[in-house]
Amino acid sequence: RDRETGNSKPFGGMVCDEMGFGKTITMLASILDGKAEPDNPNKTTLIIATPSLVTQWMDEIEKHFEPGIFGRVLRYHSGAKIFSNDPLGDLKTYDIILTTYSEVRQSYPVYRPPMHLVTEAAKNAWWAEHFRKTVGPLHSIRFRRIVCDEAQALKNHMSLTSIAVRALHGHYKWIISGTPIQNYIEELYSYFNFLKVPHTGDFTTFVNNYCESRTDRSLVKMDRINNILRAIMLRRTHVDTLFNAPIVKLPGIEHDTVMLDFNEVERAIYKLIKSKFINVINAYSKTGSIETHYRNILAMMLKLRMLTGHILLAQQSLKELMVAADVEALWRLTAKEVEHSGDK
């Protein structure tokens with residue numbers, strides 16, 4: 001029974017971390033509390049993250065924990081590889097391995113059987129031999145624990161990254177994400193499959209169990225989804241507490257409004273561009289094509305907002321819209337300033 005999960009079943013859980021920070025320390029504390037016994041051959045925890053987060057995980061370990069408290073910690077990715085005649089044996093000696101999704105993808109062979117193989121038996125035989133010859137060390141180890149940070153990288157169950165991560169061997173598994181669902185409910189399948197959630201089945205079975213329709217992805221069997229997520233997902237927000245105290249204390253929000261006025265040149269340019277945009281919109285209205293050009297109208301509004309920040313933010317639009325007469329008018333407006341700058 002793992003102290004992290006409280007379960008004897010070999011699957012971990014999802015952490016929906018909406019706070020976006022503090023997750024590293026929390027997970028490291030649980031890893032420390034659930035360390036394997038010294039004589040356990042499967043003692044290694046594999047943490048998979050983006051390259052920048054791998055650096056953050058290492059920094060947090062060095063900053064917040066005493067040296068050696070986790071045992072041996074290794075960053076294993078491009079530029080930080082082990083060059084050894086026994087890389088598999090060396091990797092097993094580490095307590096924590098920090099790696100990237102790209103490294104996991106490269107460790108897993110791609111299933112592309114030759115075209116001349118037509119029977120299932122022939123393809124299986126080819127795959128067994130191909131896998132044995134090309135598999136990387138990450139897929140040759142049974143880890144004690146696998147943690148996927150920013151796990152939305154797995155959402156497409158057909159991607160090579162998702163396939164490779166789900167093929168890893170581990171006793172306890174965790175996924176951490178602030179956005180576990182970005183588009184459709186089917187994205188949960190990769191997480192369920194990785195965590196070995198009971199009764200998940202293959203992708204077709206998942207769709208049949210949790211989706212009302214194969215064509216309309218907005219129709220979801222929410223009762224079933226909520227029941228299974230309630231059992232495996234921990235959702236943390238700013239309002240959550242730990243030992244009757246907020247997990248994170250943030251300072252109060254203060255709003256300061258500072259009103260700034262255009263100078264003469266900025267106001268002249270803004271009015272000029274605004275009048276040109278109004279003429280364009282009026283032309284759309286006369287032809288009855290406003291609805292078909294709504295994207296162009298939104299783009300015009302965006303450019304006007306950019307002009308309020310700085311006129312050079314919309315420099316390309318100024319070049320396209322301003323004619324010679326407009327430029328001459330601006331030169332006359334700034335003539336005095338040009339003369340003064342010349343005196344200096």
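One-based numbering along the sequence shown.
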Item to complete: Could you label the plane-to-plane angle of the His130 and Trp127 rings as parallel, tilted or perpendicular, counting under 30° as parallel and over 60° as perpendicular?
Response: tilted
Item to complete: Mind listing the closest non-hydrogen atom pair of Gln152 and Tyr191 along with its distance?
Response: CA-OH, 3.4 Å
Worksheet item: For Phe277, is the NZ or CZ atom of Lys303 found under 6.0 angstrom from the centre of its six-membered ring and inside 45 degrees of the ring axis?
Response: no
Fill in: Polar side chain donor-acceptor pair, Asn227 to Arg224, under 3.5 angstrom
no
Worksheet entry | Path from Leu138 to Phe131 over hydrophobic side-chain contacts below 4.5 Å | no
Worksheet item: Can you name the nearest heavy-atom pair linking Tyr270 to Leu304, along with the distance?
Response: CE1-O, 3.5 Å
Worksheet item: Does any donor atom in the side chain of Ser289 or Thr287 lie under 3.5 Å from an acceptor atom in the other side chain?
Response: yes
Worksheet entry | More than 12 heavy atoms from other groups under 6.0 Å of CD on Glu129 | yes
Fill in: From CA spacing to verdict: side-chain hydrogen bond (donor to acceptor under 3.5 Å, both in side chains), Ser102, Gln106
CA-CA 6 Å; Ser102 175; Gln106 295 176 30; 3.1 Å; yes
Practice prompt. Could you tell me which non-hydrogen atom of Pro87 sits nearest to which non-hydrogen atom of Asn85, and how far apart they are?
Written response: CD-C, 3.6 Å
Fill in: Between Thr100 and His77: side-chain donor-acceptor atoms closer than 3.5 Å
no
Worksheet item: Judged by atom type as modelled, is there a donor-acceptor pair below 3.5 Å linking the side chain of Ser177 to the main-chain atoms of Thr179?
Response: yes
Worksheet item: Have Arg145 and Tyr172 got a donor and an acceptor in their side chains that come within less than 3.5 Å?
Response: no
Discussion item. Check the orientation of His157 and Phe203. Use parallel for under 30°, tilted for 30 to 60°, and perpendicular for over 60°.
Written reply: parallel
Practice prompt. Specify the closest pair of heavy atoms between Thr55 and Arg75, including all atoms of both residues, with the distance to one decimal.
Written response: OG1-NH2, 3.3 Å
Worksheet item: Checking side chain to side chain contact (heavy atoms under 4.5 Å, CB included) against Ile31, which of Ile61, Ile47, Asp95 comes through?
Response: Ile47
Discussion item. Can you tell me which residue among Leu46, Val73, Ile146 is in a side chain to side chain contact (heavy atoms under 4.5 Å, CB included) with Ile97?
Written reply: Leu46
Fill in: Side-chain heavy atoms of Ile228 within contact of Phe192, under 4.5 Å
yes
Item to complete: Would you sort out whether Glu150 and Thr50 count as a side-chain hydrogen bond (donor to acceptor under 3.5 Å, both in side chains), showing the intermediate values?
Response: CA-CA 7 Å; Glu150 295 296 335; Thr50 60; over 6 Å; no
Fill in: Check against side-chain contact (heavy atoms from CB on, under 4.5 Å), Lys221 and Asn208
CA-CA 10 Å; Lys221 298 177 182 177; Asn208 290 334; 6.0 Å; no
Discussion item. Could you tell me if Arg144 and Asn42 have a donor-acceptor pair between their side chains, going purely by distance under 3.5 Å?
Written reply: no
Discussion item. Can you see whether Phe194 has Arg166 sitting over its ring - NZ or CZ less than 6.0 Å from the centre and within 45° of the normal?
Written reply: no
Worksheet item: With a 3.5 Å cut-off and no angle check, do the side chains of Glu103 and Ser107 form a donor-acceptor pair?
Response: no
Discussion item. So which atom in Phe262 and which in Leu307 form the shortest heavy-atom distance, rounded to 0.1 Å?
Written reply: CE2-O, 4.1 Å
Discussion item. Less than 3.5 Å apart, any donor N or O on the side chain of Asp90 or Thr93 sitting next to an acceptor on the other?
Written reply: no
Discussion item. Is there a side-chain contact between Val104 and Thr99 in this structure, where contact means two heavy atoms from C-beta onward sitting under 4.5 Å apart?
Written reply: yes
Practice prompt. Measure across Leu88 and Ser140 and return the closest heavy-atom pair with its distance rounded to 0.1 Å.
Written response: CD1-CB, 3.8 Å
Worksheet item: Does the side-chain contact (heavy atoms from CB on, under 4.5 Å) test come out yes or no for Ile176 and Cys148, once each step is laid out?
Response: CA-CA 6 Å; Ile176 307 172; Cys148 293; over 6 Å; no
